[in-house]
Protein chains: 2
Amino acid sequence: MSPDSVKGLILVVEDERAISDLLRLYLSREGFGVQVESDGVAGLSAARTLHPVAIILDVGLPSMDGTEICRKLRAEGNWTPVLFCTARDDEVDRVVGLELGADDYITKPFSPREVVARVKAVVRRAVQAASSTGALVLGEVSVDPVTRRVTVAGEQVQLTATEFDLLEHLMANQGRVLSREQLLSEVWGYAAIVGTRTVDVHVAQVRAKLGDHSPIRTVRGVGYSAELEP
Amino acid sequence: MSPDSVKGLILVVEDERAISDLLRLYLSREGFGVQVESDGVAGLSAARTLHPVAIILDVGLPSMDGTEICRKLRAEGNWTPVLFCTARDDEVDRVVGLELGADDYITKPFSPREVVARVKAVVRRAVQAASSTGALVLGEVSVDPVTRRVTVAGEQVQLTATEFDLLEHLMANQGRVLSREQLLSEVWGYAAIVGTRTVDVHVAQVRAKLGDHSPIRTVRGVGYSAELEP
DNA sequence: CCAAATCTTGACGAATCCCTGACGCCGAGG
DNA sequence: CCTCGGCGTCAGGGATTCGTCAAGATTTGG
């Protein structure tokens, strides 16, 4: 097992050896993998290829400015969280205000635990932003597989575990007609020991809870599907 | 380099062409990308798919009220900053008070620079709130991973090591439903040799210590998650 | 080495959920 | 128009799941 990838890789672009060593020490202690680059060009290419979960950028760097790296990444559509790291307060003005798409900044000298806390916060936020987009939406019905919440017309609806799994599976395959046998093996489990009529009952439950906005359509003789037009 | 994505995208939902043109002009001059939708339904779907950094919503809209859009997004767990935009003062009462999760509001007529300033402020606030403190906050409960302190409604609460790790992990993944197996492997360790019921007991302990403000929700048949709404 | 705190386990009860079977309606086909 | 099979509906028994408690095991601190 490689200890590097437990929590993901942090890319540190910093030319002062004393600082990068410190960052490596404290971040790896927290379970992050750490890759250090000491000049801007190498840092940019590492950011493009290594897919780090966050990047710590020194503002003053040889060969390419830290702000320049961030700007290029953003222009390429790369929104990996970036923490700027700067010695002078007057540099702060250039990175905050999000003109560069920075997520946070640190001023030297900094305490290692402060850095760790901010890195974790930034990574957490990025993960959250990425995962909150995973909601399945069909008409008025919204199903979030991560939070396991269902809303219909803005109102939250309580589903049981089986009901949720069933609705999620139908919405994930929206438009496709799924047979009861398919639903049983894919929602209930590989070896479904329950009768196929059980599906009907749960479909009815879900429909009752979703009310008029239920997207579940019955395909007589075949099975069920989730779609907009009833 | 596409100038649109330097600072992120602002979604404007506004049916009066004169106003949306003005907003587009001034916001894009500031480096934001701008997407305009002129009716509520299209606006809602754009908000779901485009992942804007902020949304400007007209309160009076054809096909769907601006407040309705905001309410639905919030119900789906989408907390993108929203600025309401309204012509009449009496409408203001409906959006402020944050019952709708609005971040700010503007009354027509407005000066373009005022709008720009508020948008920038709202975006900055959202980013700062998520990344600057390092503490995990959810309702009245605050968990600081660095100092390992927990406060509920301002009062400090003593948690044991396991209890703290459990709560921290749940809050770090707030909203996400975690199974007992996940919690065991991620909180107890990679090779957890303890029974899954152990999780229940510690959850109960944490709940007892947090009292009425406990953010831990049990998702029957699945696991636990930390969130505001019970 | 002892004592206190913490962690884990097992049992029990209450609440909830799931499956089944029966009944009746409805659409398809003759 | 009639028949038949698929489907919606309902309610009850059986099975899970979870909260709670207490006791034993383990760790921590002195």
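Just so we're on the same page: letters track the sequence lines, and every chain starts at 1.
- The shortest distance between the side-chain N/O atoms of T160(A) and the OP1/OP2 oxygens of dT16(C) is not below 4.0 Å.
- Checking L159(B) against G195(B), the closest nucleotide of DNA chain C that is more toward the 5' end is the one next to L159(B).
- One finds a side-chain N or O of H202(A) lying less than 4.0 angstrom from the OP1 or OP2 phosphate oxygen of dC19(C).
- Atom CD in Q205(A) sits about 14 Å away from atom C1' in dT20(C), given to the nearest Å.
- The interatomic distance linking Q158(A) (CD) with dA15(C) (P) rounds to 18 Å, in whole Å.
- Looking at R180(A), its side chain has no donor and acceptor atom pair within 3.5 Å of the base of dG6(D).
- Counting to the nearest Å, the P atom of dT9(D) and the CD1 atom of I216(A) are 12 Å from each other.
- Toward the 5' end of DNA chain D, the nearer of the two residues R197(B) and D200(A), judged by each one's closest nucleotide, is D200(A).
- Between H169(A) and W188(A), a ring centre-to-centre spacing not shorter than 6.0 Å is recorded.
- A 4.5 Å side-chain heavy-atom check between L11(A) and E37(A) finds at least one atom pair inside the cut-off.
- In this structure, the CD atom of E163(B) is 11 Å from the C1' atom of dA5(C), given to the nearest Å.
- Between T198(B) and dT9(C), a side-chain N or O to OP1/OP2 separation shorter than 4.0 Å is present.
- A straight line from NZ of K209(B) to C1' of dA5(C) spans 10 Å, rounded to a whole angstrom.
- Contact annotation for V199(A): no contact, since no heavy-atom pair falls under 4.0 Å across all strands.
- Taking 4.0 angstrom as the limit, W188(A) places none of its side-chain polar atoms (N or O) nearer than this to OP1 or OP2 of dC18(C).
- Inspection of the S38(B) and D15(B) side chains reveals no N or O donor paired with an N or O acceptor under 3.5 Å.
- One can place CG of L183(B) at 16 Å from C1' of dC7(C), the figure rounded to the nearest angstrom.
- Taking side-chain N and O atoms only, T218(A) has a distance below 4.0 Å to OP1 or OP2 of dG8(D).
- The shortest distance between the side-chain N/O atoms of Y224(B) and the OP1/OP2 oxygens of dG19(D) is below 4.0 Å.
- With hydrogens and angles ignored, a donor-acceptor pair under 3.5 angstrom links the side chain of R220(B) to the base of dT17(D).
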Quiz item: Under the salt bridge (charged side-chain N to carboxylate O under 4.0 Å, His left out) criterion, do R148(B) and D165(B) qualify, and how do the steps go?
Solution: CA-CA 9 Å; R148(B) 291 185 69 89; D165(B) 291 341; 3.0 Å; yes
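- The CZ-P distance, from F164(B) to dC7(C), rounds to 13 Å in whole Å.
- Under the 4.5 Å side-chain criterion, counting only non-hydrogen atoms from C-beta, V12(A) is not in contact with Q35(A).
- The residue V203(B) sits apart from the nucleic acid: no heavy atom pair falls under 4.0 Å.
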